[in-house]
Amino acid sequence: MNRVALPMVYLVDDEEVVRDGLAWLLRSRRLLSEGYASAEAFEAMLDALPRRGEGWPDAPSCLLLDVRMPGLSGIALFERLIERGLAASLPVIFLTGHGDVPTAVAAVKRGAFDFFEKPFSDNALVDRVELALAESAKAIAARSAQGALAHRMAELTEREREVMQLVIQGLPNKLIADQLNISVRTVEVHRARVFEKMDVKSAVELSNMLRDG
């Protein structure tokens with residue numbers, strides 16, 4: 001039986017009491033969390049993942065990230081997550097003191113999910129965490145769909161790709177045959193194989209799949 005990956009909230013804050021408090025708060029809403037005392041420790045976890053985190057996270061996840069920490073700052077870690085392509089699947093919510101608010105606002109403009117100024121409302125924070133997890137789930141689903149589309153496209157032969165491009169342009173088999181200098185029967189065979197490999201039943205469905213992918 002395959003293991004079902006559960007939603008996870010990652011906590012990165014150098015203060016243990018803060019991490020413990022956040023973990024308790026999240027447990028009160030039945031949310032799992034995993035704490036890290038520094039940005040470097042969180043990055044070490046990422047580096048230990050196969051293929052440096054590609055395809056990760058595999059379950060809805062978000063990161064509660066302190067702006068100001070010894071060593072690598074929360075902002076610097078956020079920039080590195082963007083470079084890794086994790087900003088969408090791992091939404092970041094910054095936790096910040098009054099003096100860090102302009103920095104946190106700038107991070108939101110760069111793509112962070114939100115920021116909370118300390119002290120913050122527990123319920124408001126967890127509400128945003130749940131929304132961030134929902135956004136993460138959408139991003140992971142989109143990534144999975146793109147991967148499936150790429151796999152199907154890789155299964156096509158060069159000739160099938162040529163036929164597919166003309167099919168989605170709306171050309172009938174006779175014109176496709178004339179353009180590619182092949183018989184109508186050959187076009188029909190390639191067309192059927194394209195539909196089978198792409199798992200679609202019509203040119204419209206095929207066009208929509210390629211547009212959305």
- Item | Rounded distance [0.5 Å steps], CD in Glu79 versus OG in Ser73 | 9.0 Å

- Taking Thr186 for the side chain and Val184 for the main chain, is one N or O donor matched with an acceptor at less than 3.5 Å? no

- Query: Taking side chain as C-beta onward, heavy atoms only, is Arg143 less than 4.5 Å from Ile140?
  - Reply: yes

- Rounded to the nearest 0.5 Å, how far apart are CH2 of Trp24 and OG of Ser33? 12.5 Å

- Check: Phe94 ring centre within less than 6.0 Å of Phe78 ring centre: yes

- Query: Do Leu131 and Leu65 belong to the same hydrophobic cluster, where Ile, Leu, Val, Met, Phe, Trp and Tyr are linked whenever their side-chain heavy atoms lie under 4.5 Å apart, directly or via other members?
  - Reply: no

- Asp66/Lys118 salt bridge by N-O under 4.0 Å criterion: yes

Please list, one pair per line, the donor and acceptor atoms closer than 3.5 Å that link side chains of residues 187-201 to other protein atoms, with sequence neighbours excluded.
residue: Glu188; atom: OE1; partner: Arg185; partner atom: NH1; Å: 3.4
residue: Arg191; atom: NH1; partner: Asn173; partner atom: OD1; Å: 2.8
residue: Lys197; atom: NZ; partner: Glu155; partner atom: O; Å: 3.0
residue: Lys197; atom: NZ; partner: Glu160; partner atom: OE1; Å: 2.9
residue: Lys197; atom: NZ; partner: Glu160; partner atom: OE2; Å: 3.4

- Message: Once rounded to the nearest 0.5 Å, what's the spacing between atom CG of Leu32 and atom CZ of Arg30?
- Response: 12.0 Å

- Message: Checking Asp13 against Arg68 for the salt bridge (charged side-chain N to carboxylate O under 4.0 Å, His left out) test, could you report, in this order, the C-alpha distance in whole Å, the side-chain angles of both residues, the deciding distance, and whether it holds?
- Response: CA-CA 9 Å; Asp13 195 302; Arg68 186 176 298 177; over 6 Å; no

- Just jot down the salt bridge (charged side-chain N to carboxylate O under 4.0 Å, His left out) partners of Arg19, sequence neighbours excluded, or say none. none

- Task: Classify the ring geometry between Tyr36 and Tyr10 as parallel (under 30°), tilted (30 to 60°) or perpendicular (over 60°).
- Result: tilted

- Are the side chain of Ser136 and the backbone N or O of Ser89 linked by a donor-acceptor pair below 3.5 Å? yes

- Task: For Arg161 and Leu156, indicate whether the former's side chain and the latter's backbone hold a donor-acceptor pair under 3.5 Å.
- Result: yes

- Message: Quick one, Leu180 and Leu166 - any side-chain contact, counting heavy atoms below 4.5 Å?
- Response: yes

- Any sub-3.5 Å donor-acceptor pair from Glu135's side-chain atoms to Ala88's backbone N or O? no

- Query: From Arg128 CZ over to Ile93 CD1, what is the distance, rounded to the nearest 0.5 angstrom?
  - Reply: 6.5 Å

